[in-house]
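Here's the structure, in C-alpha cells; my notes come after.
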Amino acid sequence: MPYDHRNPVPRSVPAALAALVCSAALAGCGGASGAAQGSGGPAAGTTTPAPPSASASGSAPASAPASGSGATATAGTSGQDRPRAATAADRSLAGRTVVVDPGHNPGNFRHGREIAAKVDIGTARKECDTTGTSTNATGGRAAYTEAAFTLDVSHRLRKLLEARGAEVVLTHDADRPYGPCIDERARIGNAAEADAVVSVHADGSAAGNRGFHVIVPAKVRGGSADTGPIVAPSRALGEDIVTAFRRTTGTSPANYLGGGTGLDVRSDLGGLNLSTVPKVFVECGNMRDPKDAALLTSGVWRQKAAQGLADGIVTYLEG
C-alpha cells in the first residue's frame with residue numbers, strides 16, 4: 001500500500017528488528033516464489049511475523065527476495081491458474097507497452113535507512129519507499145507480506161499480458177536489495193513510453209474494511225509534477241480496471257472509501273505525480289481484514305486478481 005498521509009498509523013521498531021533476526025536465521029523466512037504456488041496460499045516457509053499496525057509508513061517486515069524465475073515458473077501449478085493459450089487473434093496488444101510495478105520490495109525491511117531517504121515528488125519530498133503491510137500472523141500461520149503478494153500477482157499479470165502480445169516491463173523483480181524509490185518507479189514508466197502503468201498493491205486498513213480500490217491521479221502541478229495530461233486517461237484506465245476486477249474476482253469495491261465507486265483520487269503519491277503516462281495504483285484488498293486476507297493468500301484468487309487486472313488493461317488499450 002502506498003503511504004496514506006490521511007490516516008498514518010505508526011509501527012513499532014521491534015517488529016522490524018524481529019523480522020531482521022528471522023531473516024538472518026532462516027535465510028529470509030520465505031519469499032515471493034513460494035507464495036506464487038498456484039493452488040495454495042503463502043509458502044509454508046514464510047515465517048515473517050505480522051507488523052502490529054496497518055500503515056505503510058512504518059517498518060513492517062516483508063518476506064525475503066525471491067528469484068523472478070522461480071515465482072514465474074510456479075505461478076501456474078493448477079489448471080485454474082494457467083492462462084488459456086492465446087491465438088493469433090488474441091494478440092491484440094502487439095506493439096503496446098505496459099509497465100507493471102510490484103509495490104514495495106521484499107528486501108525493503110532490511111534497508112530502513114535507505115528507503116527512509118526523502119525524494120522529490122514535485123510538490124513535496126517523500127520517503128523513497130516503504131515496507132508495505134502484511135496479513136496478521138494467526139493460529140500458527142505466518143504473516144503474508146504485501147511485497148510477496150505484489151510480486152506474485154505482477155508475475156501472473158505479466159504472463160497474461162505477454163500472451164496478448166504486449167511488451168511488459170517490471171519496475172523490479174526482487175532483483176535489487178530495496179526499492180526502486182517512488183521517483184525512479186515513475187521514471188521507468190516514462191522512459192518506456194508506456195501505454196499504461198499499473199502499480200500493484202494491497203491495503204493495510206482496519207479489520208472490517210473490505211474490498212479493492214483503484215487510486216487515480218488528481219490534477220497536480222508543481223515543481224517537476226504535472227499530471228494534467230494524464231488525469232483523464234488514467235481515470236479511464238482506472239474505471240476499466242474497476243469493472244473488470246469486480247467481474248473477474250467477484251469482490252466488491254472498497255466499503256471504506258470511494259463511495260462505492262472503487263476509485264480514490266490522490267495528489268500525494270510520487271508515483272502518480274511524476275508520471276507522464278497513464279498510471280494507476282490498485283489496492284487489491286485489505287490484508288488486515290480476515291476475510292480479505294483469506295482471498296489475498298489464495299493462489300487461485302491471486303490468479304483471478306491478475307486476470308481482472310489484465311482484462312481491465314486490455315479493455316482500456318482496445319477502447
Side-chain angles (χ1 to χ4, degrees), residues 32-33 35-36 38 65-76 81-106 146-176 179-180 182 184-202 214-215 230 233-234 236-238 240-241 244-245 248-249 271-272 275-282 284 299 302-319:
S33 60
S67 68
S69 58
T72 302
T74 59
D81 278 3
R82 287 192 296 272
R84 63 183 177 84
T87 66
D90 288 331
R91 295 181 64 81
S92 59
L93 300 187
R96 312 304 287 271
T97 299
V98 179
V99 171
V100 177
D101 176 30
H104 312 289
N105 182 320
E146 182 184 0
F149 169 84
T150 65
L151 197 61
D152 177 72
V153 172
S154 295
H155 285 148
R156 296 169 187 264
L157 176 57
R158 175 175 62 183
K159 180 178 289 187
L160 291 166
L161 293 173
E162 288 179 340
R164 299 295 294 263
E167 177 184 354
V168 180
V169 177
L170 295 186
T171 59
H172 77 93
D173 201 3
D175 50 358
R176 53 193 296 167
I182 54 178
E184 184 181 353
R185 291 174 191 261
R187 287 196 298 271
I188 292 170
N190 298 344
E193 298 182 346
D195 296 289
V197 182
V198 174
S199 187
V200 181
H201 287 264
V214 180
I215 303 173
I230 69 163
S234 295
L237 171 61
D240 286 337
I241 288 177
F245 198 89
T248 305
T249 65
L272 296 181
S275 183
T276 59
V277 294
K279 183 173 182 176
V280 299
F281 282 53
V282 183
C284 296
R302 291 196 300 272
Q303 186 65 29
K304 292 179 181 179
Q307 186 69 62
L309 294 174
D311 289 349
I313 293 167
V314 169
T315 299
Y316 168 74
L317 293 178
E318 291 184 345

Do Leu170 and His155 pass the side-chain contact (heavy atoms from CB on, under 4.5 Å) test, and can you show the C-alpha distance, the side-chain angles, and the key distance before you say yes or no?
CA-CA 9 Å; Leu170 295 186; His155 285 148; 4.1 Å; yes

Please report the C-alpha distance between Leu161 and Val100 in whole Å, then the side-chain angles of each, then the deciding distance to 0.1 Å, and finally whether the side-chain contact (heavy atoms from CB on, under 4.5 Å) criterion is met.
CA-CA 10 Å; Leu161 293 173; Val100 177; 4.3 Å; yes

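Annotation: the span from Ile313 atom CD1 to Leu93 atom CG amounts to 8.5 Å, rounded to 0.5 Å. In this structure, CG on Asp240 lies 12.5 Å from CG on Leu309, to the nearest 0.5 angstrom. Note: Glu167 CD to Arg158 CZ = 12.0 Å, rounded to the nearest 0.5 Å. Atom NE2 of His172 sits about 9.0 Å away from atom CD1 of Ile188, to the nearest 0.5 Å. Separating the CD atom in Gln307 from the OG1 atom in Thr248 is a distance of 6.0 Å, to the nearest 0.5 Å. To the nearest 0.5 Å, atom CD1 of residue Ile215 and atom CG of residue Leu272 are 7.0 Å apart.
For Thr171, the side chain to side chain donor-acceptor pair (under 3.5 Å) test picks out Asp101, with sequence neighbours left out. In terms of the ring-ring contact (aromatic ring centres under 6.0 Å, His included) criterion, residue partners of Phe281 (sequence neighbours excluded) are, by chain and number, His201.
The two residues Ile230 and Ser275 make their nearest non-hydrogen contact at CD1-O, 3.5 Å. The shortest heavy-atom contact between Ala192 and Val99 is CB-CG2, 3.9 Å. For the residue pair Thr150 and Ala147, the shortest heavy atom distance occurs at OG1-O, 3.2 Å. Nearest heavy atoms, Phe149 versus Cys284: CZ-CB, 3.7 Å. Of all non-hydrogen atoms in Ala186 and Gly271, the two that sit nearest each other are CB-O, 4.0 Å. Ala194 approaches Pro278 most closely through the heavy-atom pair O-CD, 4.3 Å.
Of the possible polar contacts, none joining the His104 side chain to the Leu151 backbone as a donor-acceptor pair under 3.5 Å is found. Proximity of a side-chain donor or acceptor of Arg185 to a complementary backbone N or O of Pro102 within less than 3.5 Å is detected. Formation of a donor-acceptor pair under 3.5 Å by the Arg96 side chain with backbone atoms of Leu317 is found in this model. Side-chain atoms of Thr97 do not come within 3.5 Å of backbone N or O of Asp195 as any donor-acceptor pair.
For residues 306-319, the set of pairs meeting the salt bridge (charged side-chain N to carboxylate O under 4.0 Å, His left out) definition, not counting sequence neighbours, comprises Arg164-Glu318.
Side-chain contact between Val214 and Val282 is present, with heavy atoms from C-beta onward closer than 4.5 Å. The shortest side-chain heavy-atom distance between Val277 and Asn190 falls under the 4.5 Å cut-off.
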